[in-house]
2 protein chains.
Amino acid sequence: MLKEERHYHILDKIILNRKVLSADLSIELNVSEDTIRRDLNDLSAKGLIRKVHGGALPIETGTPSYGERSTYNLEEKNIIAKKAVRLIKSGQVIIMSGSTTNLQLAKIIPSDINCTIYTYSLPIALQLTEHPSIEIIFIGGKLHKPAQVTVGLDVVSSISELRADLCFMGTGGINTLNGMTEPDWEVSHIKKCMISVSDRVVALCTQNKLNETKRYTVAPIHKIDTLVTDIDPNDSIFNDFREKGVKIL
Amino acid sequence: MLKEERHYHILDKIILNRKVLSADLSIELNVSEDTIRRDLNDLSAKGLIRKVHGGALPIETGTPSYGERSTYNLEEKNIIAKKAVRLIKSGQVIIMSGSTTNLQLAKIIPSDINCTIYTYSLPIALQLTEHPSIEIIFIGGKLHKPAQVTVGLDVVSSISELRADLCFMGTGGINTLNGMTEPDWEVSHIKKCMISVSDRVVALCTQNKLNETKRYTVAPIHKIDTLVTDIDPNDSIFNDFREKGVKIL
DNA sequence: GTTAATTGTGCAAGATAATTCATATTCAAT
DNA sequence: ATTGAATATGAATTATCTTGCACAATTAAC
């Protein structure tokens, strides 16, 4: 393994995972940690990565101001939200799952949009109360405290009585082979239900969830109409998805 | 987990929840509280958060959100909440209406209490998610934005299927002649329903609502078991209430 | 072909950074 | 004032980093 090969590997990994650890790389690339550190120093000197104690992170994009930094993790989610919000039209009935990406989306819905939104997430509902005209229907049930969403049979049965034009779904993991998957059993059921009552399913997915597979299946890939990510929709990574008929945004 | 990752996690969480506790973060991120405190100090030094005893808060941005929305008569409501909280026992099933007094009450429920609480108020539900053991059932329906509560037939029919030991009710107005009254038609119906499914009804009432009468009747005075106010329960103002069998706290 | 510089790598020792732990102090709530 | 919780501090520990050096492989020069 040549030095440059390692460098490319490191850069690839850092783009994909948003971080690398010296210890991991040492094992993966089968060289000592010293060598990895030297690699990281090289790349850092070239301004390609940012070296930190224990590994390295990508260079921060944009102006490193106060607000920018504090929204760092939300940056990708905001990109996704901005793409997704264009799908919302007045008059639609929409279901939103309880992800932080959806929360970002809820924040930027233009005030001239007039639609009905069903959700089972307290933060999202609360955010939507700031919107002047959207009709919000909260889906009741037992509250799951950490995620601040309702869960359980009540939720499933409430959703199954609906019919929605659009469904915005945060993703635990998605790939062409296993489709959409979820780490949580209850949530996977709720999402199944959401999909079955929605005309179009829009999956919101940060790149780190792309090509991941979680424990429970939500839906095969062909049930997903549109996939919204924070990467360029023309990227070749999406070829498989396009073949299965998934629109990329 | 790199140090910066923790920092981003903390910033994300603080944006989402409007506060973080050192103890929680320590468990979530699997490091000691010392480390969390040092992280908080770092972030605070960068001006990204405001460190306080026990955790940290976001930098004040001027836009007050649900949590810090100015509450009128906060002092009185706290007094009432402190009296009312003594009525809560482990094992009970409780319904809470959506008043700011109830919100204060929700904040001070001792953490060793273990009960089930039904509510249709977003702020109260959100507040209760901080409690370690209470089971929260949110009553879904159409959201009334200004009050951030659900309303409508869904709410009424959900409530009518319950059975509760206790019911904490904010009051629009109360007096011995007209009983409990409400300015809002929809809310008056919901409250009627709450009363009909509860064994005991506790009315929480600041003194300015005492002896007021609003447009719609909720219940005659004898339906109220306990009246909690911010004035001395032995005050002669309560004589009429006592005659009707209302306990004063 | 031999030699000398150059480069890449691993190893070891000391330096630095991050973390935990024990302890004393401060804080918040009664 | 008293109590219990949260915090700051410094020592001890662990992890990571830097540095210098040895060695091998590669390149360049003669």
Side-chain angles (χ1 to χ4, degrees), chain A residues 1-11 13-14 17 19-57, chain B residues 1-11 13-14 17-46 48-58 67-68 74-86 88 104-113 127 130-133 230 249:
Chain A
M1 168 81 64
L2 296 173
K3 188 162 128 173
E4 269 200 52
E5 290 184 83
R6 287 200 311 274
H7 285 192
Y8 285 125
H9 179 101
I10 293 170
L11 288 172
K13 182 165 185 183
I14 223 169
N17 296 14
K19 79 161 186 184
V20 288
L21 301 181
S22 310
D24 289 355
L25 288 170
S26 159
I27 296 167
E28 277 175 43
L29 299 175
N30 202 34
V31 291
S32 72
E33 287 194 35
D34 298 80
T35 302
I36 294 298
R37 263 190 289 279
R38 265 183 286 252
D39 289 339
L40 296 182
N41 280 329
D42 291 353
L43 293 169
S44 175
K46 286 186 193 162
L48 298 175
I49 62 171
R50 199 158 49 89
K51 192 169 178 299
V52 298
H53 200 90
L57 298 168
Chain B
M1 169 85 63
L2 297 170
K3 189 160 120 171
E4 280 202 41
E5 289 185 89
R6 288 201 310 271
H7 287 187
Y8 293 136
H9 178 103
I10 293 170
L11 289 172
K13 181 163 185 184
I14 224 169
N17 294 13
R18 312 206 63 82
K19 86 171 193 191
V20 289
L21 302 181
S22 310
D24 290 354
L25 288 170
S26 159
I27 297 166
E28 276 175 43
L29 299 175
N30 203 32
V31 292
S32 72
E33 286 194 36
D34 295 84
T35 301
I36 295 297
R37 263 190 287 278
R38 222 169 306 102
D39 288 340
L40 295 182
N41 281 331
D42 290 352
L43 293 170
S44 175
K46 286 185 193 162
L48 299 175
I49 62 172
R50 197 158 55 89
K51 192 168 178 299
V52 297
H53 200 87
L57 301 170
E68 52 225 333
L74 189 58
E75 268 315 300
E76 289 91 333
K77 288 173 181 171
N78 272 323
I79 294 170
I80 295 172
K82 276 175 195 161
K83 292 183 185 176
V85 77
R86 298 202 302 267
I88 302 178
Q104 295 309 113
L105 174 55
K107 282 181 184 165
I108 60 168
I109 299 176
S111 51
D112 61 337
I113 293 276
Q127 177 62 48
E130 318 242 320
H131 192 284
S133 50
D230 52 319
L249 246 171

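Given the structure is predicted, the values throughout are model-derived calculations rather than measurements. Here is the naming used below: chain letters follow the sequence lines, and residue numbers restart at 1 for every chain.
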*If you find the nucleotide of DNA chain D closest to B:V52 and the one closest to A:V52, which residue's nucleotide is nearer the 5' end?*
B:V52

*Residue pair B:L2 / B:H7, side-chain heavy-atom distance below 4.5 Å*: no

*Taking the side chain as every heavy atom from C-beta outward, state whether B:E4 and A:H53 have any pair of such atoms under 4.5 Å apart.*
no

*asked:* Can you pull out the residues from residues 34-42 of chain A that lie within a 4.0 Å heavy-atom distance of DNA chain D?
replied: A:D34, A:R37, A:N41

_So A:T35 and A:R6, do their side chains get closer than 4.5 Å, heavy atoms only?_
yes

_Protein within reach of the bases, or only the backbone? For nucleotides 23-30 of chain C, mark each nucleotide 5' to 3' as B, S or -, using heavy atoms under 4.0 Å._
----SS--

*For A:N30 and C:dG8, what is the distance between atoms CG and P respectively, to the nearest whole Å?*
18 Å

*A:R6 CZ to C:dG10 C1', straight-line distance once rounded to whole Å*: 12 Å

*For A:K3 and C:dT6, what is the distance between atoms NZ and P respectively, to the nearest whole Å?*
15 Å

*Whole angstrom is fine here: how far is it from CE in B:M1 over to C1' in C:dA17?*
19 Å

*Strictly by modelled atom types, are A:H9 and A:E28 linked by a side-chain donor-acceptor pair under 3.5 Å?*
yes

_Basic-acidic side-chain contact under 4.0 Å: B:D42, B:K3_ = yes

*Report yes if the side chains of B:I113 and B:S133 come closer than 4.5 Å at any heavy-atom pair, otherwise no.*
no

*Using a cut-off of 6.0 Å, state whether more than 12 heavy atoms not belonging to A:N30 lie near its atom CG.*
no

*asked:* Taking the side chain as everything from C-beta on, heavy atoms only, tell me whether A:E33 gets closer than 4.5 Å to A:L25.
replied: no

_Lys/Arg N to Asp/Glu carboxylate O, B:K19 vs B:E130, below 4.0 Å_ = yes

_Option from B:L29, B:D24, B:V20 for which side chain to side chain contact (heavy atoms under 4.5 Å, CB included) with B:I36 holds_ = B:L29

*How long is the line joining CD of A:E4 and P of C:dT7, in whole Å?*
14 Å

*Just the endpoints, please: which first and last nucleotides of DNA chain D, 5' to 3', lie under 4.0 Å from a heavy atom of chain B?*
D:dA6 to D:dT9

*Identify the heavy atoms of B:I49 and B:L40 that sit nearest to each other, and give their distance.*
CD1-O, 3.6 Å

